[in-house]
Enquirer: 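Okay, handing you the structure first.
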Amino acid sequence: MSPDAAPLKPIPILLRYLKPQRGNVALLALLLLSSIGLQLWVPQIMRSFIDAAQQKAPLELLTRAAFFYLFAAIVNQLLSAGATFVGANVGWTATNLLRSDLMKHVLTLDMSFHKDHSSGEMIERIDGDVTALSNFFSQFSVRVFGAVLLLVGVMVMFWRENIWAGLSITAFTVLVLSVLLSLRKVAVGSTEREREANAQMYGFIEERLAGLEDIRALGAGHHTMKRFWQASKTYYHTSRTAHFARASIWLAMLAMFAVGYVGALALGVGLYAAGVVTLGTAYLFFQYMSMVEDPIDQITQQLQELQKVGASLQRIGDLLSLRSSLTEGTTQLPSGALSLEFDQVDFGYGEKNVLSGIDFTLEPGQILGLLGRTGSGKTTLTRLILRLYD
């Protein structure tokens with residue numbers, strides 16, 4: 001095996017598998033933009049309602065504002081549900097294409113690769129790692145892109161209402177994102193080790209279940225269980241370490257937003273007491289502050305997913321970078337039955353020699369039976385005939 005391809009990066013692979021779904025991606029963008037627009041409009045309705053109620057406006061005006069609020073809220077929920085559905089469809093379509101590409105690639109690798117990697121490990125690499133990418137494809141576009149647009153929209157609304165509010169929320173957002181981005185790669189290494197331990201454990205289980213009769217015949221049940229507990233223990237410790245590393249981002253955001261809410265309340269109350277803004281606008285500041293938390297929370301969650309994706313993409317990239325050590329043959333074989341000749345053939349797996357001085361000729365149409373104990377080289381001989389090894 002030789003690594004010839006560069007490891008995959010998140011954005012290029014996102015574009016590579018989303019490009020065939022341009023129509024669905026465009027629909028997803030339309031749903032997201034419409035939903036974000038309604039989310040920014042709803043607090044304005046509440047501001048108007050509060051100010052009108054404080055000024056003892058007619059009941060008809062208050063009823064109209066309440067109707068628009070409920071209508072906007074319902075339509076926004078429908079748009080969000082539609083965006084989630086389209087995003088999930090796009091994500092699973094993309095990951096199924098990736099699974100197909102991985103499967104085709106693995107089938108091109110020679111037997112030296114498959115001898116060193118169990119079936120259970122390959123299932124985890126092709127299905128488990130790709131499943132970890134499904135949220136990246138479906139939720140990254142819906143939540144991260146939508147969250148960024150919503151965050152920008154909220155800051156614009158703050159600047160429209162008051163310059164001090166705009167400065168405060170911009171400084172707060174920059175601070176929070178700077179801290180989160182600095183923590184973004186904290187768990188990539190531990191998550192990669194977690195995925196590797198998971199693959200090793202499932203590979204161990206698959207191999208032992210396949211060889212269950214041999215384990216019972218040799219009385220190796222206790223030894224097998226001991227090995228299983230060791231694999232499980234390794235997976236537990238790596239998972240716990242990765243979980244705590246990913247949780248550090250969430251804890252940092254929780255602490256910063258506790259300070260942010262206090263600041264938003266203080267700003268709104270201070271400006272209202274000074275007569276600069278109305279009571280409805282003071283409420284608007286707090287409402288928009290809660291809308292800042294949601295997109296940053298979504299970005300934070302997806303950063304944690306991105307850390308998992310980084311580990312999965314690294315493993316997928318490593319797999320796709322492997323190339324078979326067998327070069328494509330150019331000899332044209334004649335039609336009809338062929339003769340087969342082994343002339344003093346020696347072969348081994350690594351340093352272990354399996355075949356020594358194999359010498360025979362098999363004429364066209366002749367049948368040869370192979371007899372021997374387990375491990376004597378019968379399967380190896382057939383693999384050499386089929387050129388699964390050179």
Enquirer: Would you check if the side chain of Ser35 reaches a backbone N or O of Leu32 as a donor-acceptor pair within less than 3.5 Å?
Expert: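 Judged by distance alone, no pair lies under 3.5 Å.
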Enquirer: Using the rule that two of Ile, Leu, Val, Met, Phe, Trp, Tyr join whenever any of their side-chain heavy atoms come within less than 4.5 Å, decide whether Met256 and Ile296 are in one cluster.
Expert: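 Same cluster: Met256 reaches Ile296 through Ile, Leu, Val, Met, Phe, Trp or Tyr contacts under 4.5 Å.
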Enquirer: Using modelled atom types only, decide if a donor and an acceptor are shared between the side chain of Thr382 and the backbone of Thr379 within a distance under 3.5 Å.
Expert: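 Yes.
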Enquirer: Please tell me whether Leu254 and Val259 are part of a single hydrophobic cluster in this structure, the criterion being side-chain heavy atoms less than 4.5 Å apart.
Expert: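 Not linked; separate clusters.
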Enquirer: Around atom CE of Met225, are there more than 12 heavy atoms of other residues, nucleotides or ligands at under 6.0 Å?
Expert: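 Correct, the count exceeds 12.
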Enquirer: If Ile, Leu, Val, Met, Phe, Trp and Tyr residues are connected whenever their side-chain heavy atoms lie under 4.5 Å apart, and connections chain through other members, are Leu362 and Ile358 in the same group?
Expert: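 Leu362 clusters together with Ile358.
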Enquirer: Test your reading of the model: is there a side-chain donor-acceptor pair from Gln21 to the backbone of Val90, 3.5 Å cut-off?
Expert: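 Yes; at least one donor-acceptor contact below 3.5 Å.
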Enquirer: So which atom in Val154 and which in Met291 form the shortest heavy-atom distance, rounded to 0.1 Å?
Expert: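 That would be CG2-CB, 4.0 Å.
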Enquirer: Under 3.5 Å, is there a donor-acceptor pair between the side chain of Arg208 and the main chain of Ile205?
Expert: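 Answer holds: no.
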Enquirer: Give the cluster check for Ile74 versus Phe85: same hydrophobic cluster or not, with ILVMFWY residues linked at side-chain heavy-atom distances below 4.5 Å.
Expert: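 No, it is not one cluster - the side chains of Ile74 and Phe85 are not joined through contacts under 4.5 Å.
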Enquirer: For Ser324 and Thr108, work out which heavy atoms get closest and say how close.
Expert: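 Taking every non-hydrogen atom into account, CB-O, 3.5 Å.
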Enquirer: Parallel, tilted or perpendicular: which fits the ring planes of Phe67 and Phe71, with parallel below 30° and perpendicular above 60°?
Expert: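 Plane angle under 30°, so parallel.
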Enquirer: Tell me if a side-chain donor or acceptor on His223 pairs with a main-chain N or O of Ile215 at a distance below 3.5 Å.
Expert: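 Pair absent, no side-chain N/O of His223 close to backbone of Ile215.
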Enquirer: Are more than 12 heavy atoms, taken from residues, nucleotides or ligands other than Lys233, located less than 6.0 Å from that residue's NZ atom?
Expert: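 No, NZ of Lys233 has 12 or fewer neighbouring heavy atoms, counting only those of other groups under 6.0 Å.
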Enquirer: Does any N or O in the side chain of Asp110 come within less than 3.5 Å of the main-chain N or O of Leu388, such that one atom is a donor and the other an acceptor?
Expert: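 No; zero donor-acceptor contacts below 3.5 Å.
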Enquirer: Taking Phe158 as the fixed residue, which of Trp164, Phe285, Phe172 is the one that meets the ring pair (Phe, Tyr, Trp, His ring centres under 6.0 Å) rule?
Expert: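 Checked Trp164, Phe285, Phe172 against Phe158; only one passes ring pair (Phe, Tyr, Trp, His ring centres under 6.0 Å): Phe285.
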Enquirer: I'd like to know if the side chain of Ser34 reaches the main chain of Leu31, judged simply by a donor and an acceptor atom lying under 3.5 Å from each other, with no hydrogens or angles considered.
Expert: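 Not a single qualifying donor-acceptor pair exists.
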Enquirer: Is the backbone N or O of Leu284 less than 3.5 Å from a side-chain atom of Thr281, with the two atoms forming a donor-acceptor pair by type?
Expert: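 No; judged by distance alone, with no hydrogens or angles, the pair does not exist.
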Enquirer: So, the side chain of Ser100 versus the backbone of Asn96: is there a donor-acceptor pair under 3.5 Å, distance only?
Expert: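 Pair absent, no side-chain N/O of Ser100 close to backbone of Asn96.
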Enquirer: Report whether Leu267 and Leu279 are members of the same hydrophobic cluster (ILVMFWY, side-chain heavy atoms less than 4.5 Å apart, transitive linking).
Expert: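 They do share one cluster, since a chain of ILVMFWY contacts under 4.5 Å joins Leu267 to Leu279.
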Enquirer: Counting only heavy atoms not in Phe347, do more than 12 sit closer than 6.0 Å to its CZ atom?
Expert: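 For Phe347, atom CZ is crowded (more than 12 foreign heavy atoms under 6.0 Å).
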Enquirer: Counting neighbours of CD on Glu341 that are heavy atoms of other residues, nucleotides or ligands and sit closer than 6.0 Å, is the number greater than 12?
Expert: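 Enclosed: over 12 neighbouring heavy atoms sit under 6.0 Å from CD of Glu341.
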Enquirer: Is the backbone of Leu40 close enough, under 3.5 Å, to the side chain of Tyr288 for a donor and an acceptor to pair up by distance?
Expert: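 It does hold such a pair.
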